[in-house]
Amino acid sequence: MPSAEPPTLNVAIVGGGPGGLGTAIALSCLPNVQVRLYEQARELREIGAGINIGFNCWKILELLGAAEGVRGHLAQGTLHRNGLSGDVLTTAPKSPLPPRYLSRRVRRTRLQSSLVAQVPPGVIHLNHRLVSLQKLERGGVQLAFENGAVAVADLVVGGDGIRSVVRQHLFPEHDIQFMGTTIWRTLIPLSSVAQIDTMGHHTNWWHGTAGHVYTTIVDDPAEAAPGDDLLFEIAARNVIDPKQAKEKRFSWGVPATNARVLAHFTDYDPRVQDALKQVPEGGWREFSAFAGPRLQRLVGWDRVVLIGDASHPLSGAFGSGAAFALEDGWILAQALQYTRLSPDAITHALEIFDQIRSPYYRRMYEFLDQQKANVAKSADEASRRTFDANLAARLKAFDGQGLAWVYLNDIEQVWDDYVQSLEAKD
Ligand SMILES: Cc1cc2nc3c(=O)[nH]c(=O)nc-3n(C[C@H](O)[C@H](O)[C@H](O)COP(=O)(O)OP(=O)(O)OC[C@H]3O[C@@H](n4cnc5c(N)ncnc54)[C@H](O)[C@@H]3O)c2cc1C
């Protein structure tokens with residue numbers, strides 16, 4: 001039985017999103033692991049607006065020591081409305097969860113800062129855009145960056161998001177496509193919409209004929225300095241048949257004019273249009289939703305692992321992708337710790353990672369396939385139904401029914417159960 005302390009494991013993480021940062025935190029806690037994180041941006045800044053943090057995300061943030069740094073807006077009794085008439089269709093029921101696990105809407109920058117604060121100094125290398133990866137005959141993987149730098153690692157973690165360069169190298173045949181959904185997002189001072197009925201009090205989903213507009217506060221009052229305004233988020237989404245898409249460019253965080261955004265929501269309730277008009281010119285960012293098929297495996301070359309959006313390009317389908325990315329990194333760290341004294345420790349750890357995370361993502365893809373089939377089945381009926389009846393059908397997707405395995409996932413429990421199942425086999 002080998003028992004000597006293993007040599008230092010040299011890990012390169014590509015990408016400084018939630019997945020990469022969470023992995024850096026979890027791996028930095030392990031003995032004999034040297035971690036470097038390479039991020040393409042010159043500075044770490046989030047280009048999204050807000051993000052929902054629910055039970056599964058709070059759990060993993062606690063494990064990473066990053067939960068305390070995040071508060072956000074506690075949305076009680078979120079309203080779903082007919083976006084055209086403004087009529088309230090449903091009110092989200094009160095959650096039975098303890099207060100610290102309730103869903104909150106958080107500024108993405110705040111989540112990012114809280115994670116960065118837990119990453120040891122010297123780990124993050126900015127301005128390093130990965131351009132190629134090469135498996136070395138002598139062992140290890142070579143990473144080449146746009147700035148001319150080259151690095152070699154025993155293990156590469158691809159946390160480089162939905163357009164992952166790491167994934168392209170590992171699985172060159174894999175491709176992603178435009179899904180027909182365009183999202184415009186912004187954060188504006190709450191004071192600019194406070195005079196519009198309901199905006200300053202409720203989180204609202206305004207459901208229209210071809211998408212929806214989501215409006216909410218994103219700050220907890222305790223987060224604002226005295227005299228500072230809270231911020232308000234608008235995320236407006238338009239959906240078309242992807243086959244009808246004229247523009248094939250991949251817009252991700254690019255500025256959009258007010259006229260371009262407003263043109264898609266002219267039939268909405270005047271309160272929505274009023275709120276959209278409060279956004280200063282240059283305040284909108286446009287995101288095109290791309291997605292790709294499920295990967296059979298999340299690991300390759302015995303030395304590379306994909307995490308987060310790189311591993312399951314679902315375009316934020318469950319609104320919980322940050323939690324998934326953080327869970328991936330934590331499980332990887334547990335697996336490496338578990339196998340560190342065994343021969344072929346990395347290969348063994350990657351197998352464990354894949355055994356836990358691949359079936360989880362397969363289940364998500366299967367769920368979405370089923371949902372798509374249900375929608376297709378009702379498409380004919382829908383064309384004969386009124387807008388109101390269609391809305392009722394669409395709202396079913398928001399009730400979270402049957403999705404406790406996503407939103408109430410407790411990753412620590414998942415790991416404990418896995419280890420127990422291994423030990424039961426021995
Ligand atoms: C409209 C929308 C709404 C969403 N809402 C929610 C929500 O409410 N809650 C939630 O949990 N999730 C939400 N998500 C999903 C969530 O944003 C993602 O799942 C999450 O950010 C994935 O984290 P990641 O670290 O895997 O990737 P990313 O956050 O995409 O980070 C990837 C990082 O890699 C860097 N990078 C990319 N390529 C390279 C390269 N070649 N070299 C070096 N660095 C590189 C990027 O600059 C980036 O910093 C939403 C997504 C969308 C699109």
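For the numbers below, each heavy atom of this structure counts, side chains included, while hydrogens, waters and symmetry mates do not. For ligands, and for the atoms within them, numbers begin at 1 and follow the listed sequence.
- Between Gln413 and the choices Asp417, Asp416, Asn409, the side-chain hydrogen bond (donor to acceptor under 3.5 Å, both in side chains) rule is met once, by Asp417.
- Atom numbering of ligand 1 starts at 1 in the shown order; those under 4.0 Å from a heavy atom of Gly159 are 32 (C), 33 (C), 34 (O).
- Scanning for side-chain hydrogen bond (donor to acceptor under 3.5 Å, both in side chains) contacts around Thr182 gives an empty result, with sequence neighbours left out.
- When only interatomic distances are considered, the shortest N/O to N/O separation between Gly19 and ligand 1 falls below 3.5 Å.
- Taking only nitrogen or oxygen atoms, main chain and side chain alike, Arg237 does not reach within less than 3.5 Å of ligand 1.
- Considering backbone and side-chain N/O of Gly308, none are found under 3.5 Å from N/O of ligand 1.
- Ligand 1 lies nowhere less than 4.0 angstrom from a heavy atom belonging to Phe290.
- Not a single heavy atom of Arg163 sits closer than 4.0 Å to an atom of ligand 1.
- Residue-ligand proximity: Tyr38 is placed with a non-hydrogen atom under 4.0 Å from ligand 1.
- The shortest N or O to N or O distance between Arg129 and ligand 1 is not under 3.5 Å.
- Within the 4.0 Å heavy-atom cutoff, Ser320 counts among the residues contacting ligand 1.
- Interface atoms of ligand 1 facing Val165, defined by a heavy-atom separation under 4.0 Å, are 41 (N).
- On a distance-only criterion, Ala322 and ligand 1 share at least one N/O pair closer than 3.5 Å.
- For a threshold of 3.5 Å applied to N or O pairs, the pair formed by Asp309 and ligand 1 contains at least one separation below that value.
- In terms of the ring pair (Phe, Tyr, Trp, His ring centres under 6.0 Å) criterion, residue partners of Tyr361 (sequence neighbours excluded) are, by chain and number, His312.
- Where the criterion is an N or O separation shorter than 3.5 Å, residue side chain and backbone included, Ala325 fails it with respect to ligand 1.
- A donor-acceptor contact shorter than 3.5 Å links the side chain of Thr186 to the backbone of Gly283.
- Using a 4.0 angstrom heavy-atom cutoff, Ala41 does not count as in contact with ligand 1.
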